[in-house]
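Step one of this worksheet: look at the structure below.
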Amino acid sequence: MTATSERPAGLEAGRAAERAHERDFAALAERLEGEGFAADKLVAEVQGFEVALPSWAFATGGTRFGRFSGAGEPRTLREKMEDAAFVHGLTGAAPRISLHIPWDAAPNMDEVCSDARRLGIGFDAVNSNTFQDQPGQPLSYKLGSFSNPNAAIRRQAIEHHLHVIEVGKAVGSKALTVWLADGSNYPGQMSLRGSFDRVRECLQEVYAALPDDWRLFTEHKPYEPAFYATVVQDWGSSLLLAQSLGDRAQCLVDLGHHLPSVNIELIVARLLGVGKLGGFHFNDSKYGDDDLTAGSIKPYVLFLIFHELVLAGREELPGFDPAYMIDQSHNLKDPIESLLQTVDQLQQAYAKACLVNHARLAEYQTSGDVIMAERTLKQAYETDVRPLVAEARRRRGGALDPVLAFRASGYRAQKTAERPAAAPGGAPTHL
Ligand code: RM4
Ligand code: MN
Ligand code: MN
């Protein structure tokens, strides 16, 4: 077990790598200073970026066609927390884990909290699950949860959410994320208007039970598992819900939950403009809800999203306090390596967005200089910020190159010995 007070094994980069980093960072710092940026300030800004790790991403996810589990995968919440702490130790940027209930149900929450304290991590938003029936559950969600025409099924779904809030309170969470699979597969199966009204009414009851210092995030998704009409299918539906609930209800944008070619940064800008951008589930997508590694397919889009966010932060927009979370399924990669890679990609996109000269961009927009406006963004995007991000990690006691440090640490081999394979199928994981 690695407490965060210890330096995880594998952190010591070779001396040659250290020297190469120092050279690269000095060169970048000089270049950035020439452009009017203070390098130390930028390092501190990058260090301010934090992202929560999803508990369900520490085991190999698989697809609906099968799951090929890897060795040493966590079998319990405590083991997922150990892995999360290791990722945080190497990156210095992932201090919280996001729980999914009942996947992460634990008999003794006090023990969970003391494990977390010992590991040096905390808890982010708690996620509910009414998209599956659980063993022993009296009524089925086959035809919907909050949208179900059967009031007893809606009641059961509300009770589940109240329970999730209790779990979150026990661990110190400050937000509830609600993603509903509710929808229909065939025209006529469900009332398109009635189902939305019922979802809103149920959410109102859940919202009323939120502690005063909590937020509720509504997460939309266009399709899957519903293939004809999903109730909360787009950001418009999500916004209607958040607006009808109250100030502490905001929208969560999962980057994979948009139809192909939708302009996600524009959605982000719209939600920011009305104070309803609550948080993110970072991942990347080629076709749909692919849950691929953030930045692996459309890195420029990721940058443009961060540009909207950094700008909103600088302008101190009302209601701007985004909860950054990862939501990915690691089908083929080692889940820890994939998360380390993801955090690094997010840090890089964020760092690049911090390099945009906003004053100059506004001038070009006003004077109608299209080329120079675009070049202002591209100049930031095309800057190799890897030394900046590595320096931000290093000053936090993390690794210059987290994936290589993880490989050198022997952590996976150690866990493979400590954690004999779970039952076939493994621990519950991302769908
Ligand atoms: C959904 C959605 C939710 C996540 C589940 C596991 O597609 O992205 O955020 O909780 O997957
Ligand atoms: Mn999600
Ligand atoms: Mn998803």
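Atoms within a ligand are numbered from 1 in the order they appear, just like the ligands themselves. Numbers here simply count residues along the sequence, with the first being 1.
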(request) Could you tell me whether any N, O or S atom belonging to Asp289 is less than 2.8 Å from the Mn ion (ligand 3)? (result)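 Yes - counting backbone and side chain alike, Asp289 has an N, O or S atom under 2.8 Å.
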(message) Using a 6.0 Å distance limit plus a 45 degree cone around the ring axis, check whether Arg412 lies over the aromatic ring of Phe406.
(response) no
(request) Mark yes or no: Lys174 above the aromatic ring of Phe123, with NZ or CZ under 6.0 Å from the six-membered ring centre and no more than 45 degrees from the axis. (result) no
(message) Within the 3.5 Å criterion, strictly below it, is a donor on Thr293 or Lys333 matched to an acceptor on the partner's side chain?
(response) yes
At a 4.0 Å threshold, what atoms of ligand 1 neighbour a non-hydrogen atom of [X]?
X: Asp254; value: 8 (O)
X: His281; value: 9 (O)
X: His257; value: 2 (C), 7 (O), 8 (O)
X: Glu219; value: 2 (C), 3 (C), 8 (O), 9 (O)
X: Asp289; value: 7 (O)
X: Lys221; value: 7 (O)

Looking at [X], which of its N, O or S atoms is the nearest one to the Mn ion (ligand 2)?
X: Asp327; value: OD2
X: His281; value: ND1
X: Asp254; value: OD2

May I ask you to check whether [Y] and [X] place their ring centres under 6.0 Å from each other?
X: Phe146; Y: Phe196; value: no
X: Trp179; Y: Phe217; value: no
X: His258; Y: His220; value: yes

(message) Treating Gln189 as the side-chain partner and Asn185 as the backbone partner, does any N or O pair qualify as donor plus acceptor under 3.5 Å?
(response)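 Checked: pair present.
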(request) Among residues two or more places apart or on two chains, list those pairs meeting side chain to side chain donor-acceptor pair (under 3.5 Å) that have a residue in residues 309-320. (result) Glu45-Arg314, Arg314-His358
(request) Take the angle between the ring planes of Tyr223 and Phe227 and call it parallel below 30°, perpendicular above 60°, tilted in between. (result) tilted
(message) So, of the N/O/S atoms that His257 has, which is the nearest one to the Mn ion (ligand 3)?
(response)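 Closest to the Mn ion (ligand 3) among those atoms: NE2.
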(message) Restricting to side-chain hydrogen bond (donor to acceptor under 3.5 Å, both in side chains), what partner residues turn up for Arg395, sequence neighbours left out?
(response) Asp40, Glu391
(request) Determine, considering heavy atoms only, which of Gln328, His100, Met325 sits nearest to atom 5 (C) of ligand 1. (result) His100
(request) Select one of side chain, backbone, both or neither to describe which atoms of Thr177 lie under 4.0 Å from any atom of ligand 1, heavy atoms only. (result)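 The answer is neither; Thr177 stays 4.0 Å or more away.
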(request) Measure Asn129 to ligand 1 on non-hydrogen atoms and call it side chain, backbone, both or neither using the 4.0 Å cut-off. (result) neither
(request) Verify the distance test for Glu219 against the Mn ion (ligand 2): any N/O/S atom under 2.8 Å, yes or no. (result) yes
(message) Counting only nitrogen or oxygen atoms and a 3.5 angstrom limit, does Asp327 reach ligand 1?
(response)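 Checking ligand 1 against Asp327, an N or O pair does fall under 3.5 Å apart.
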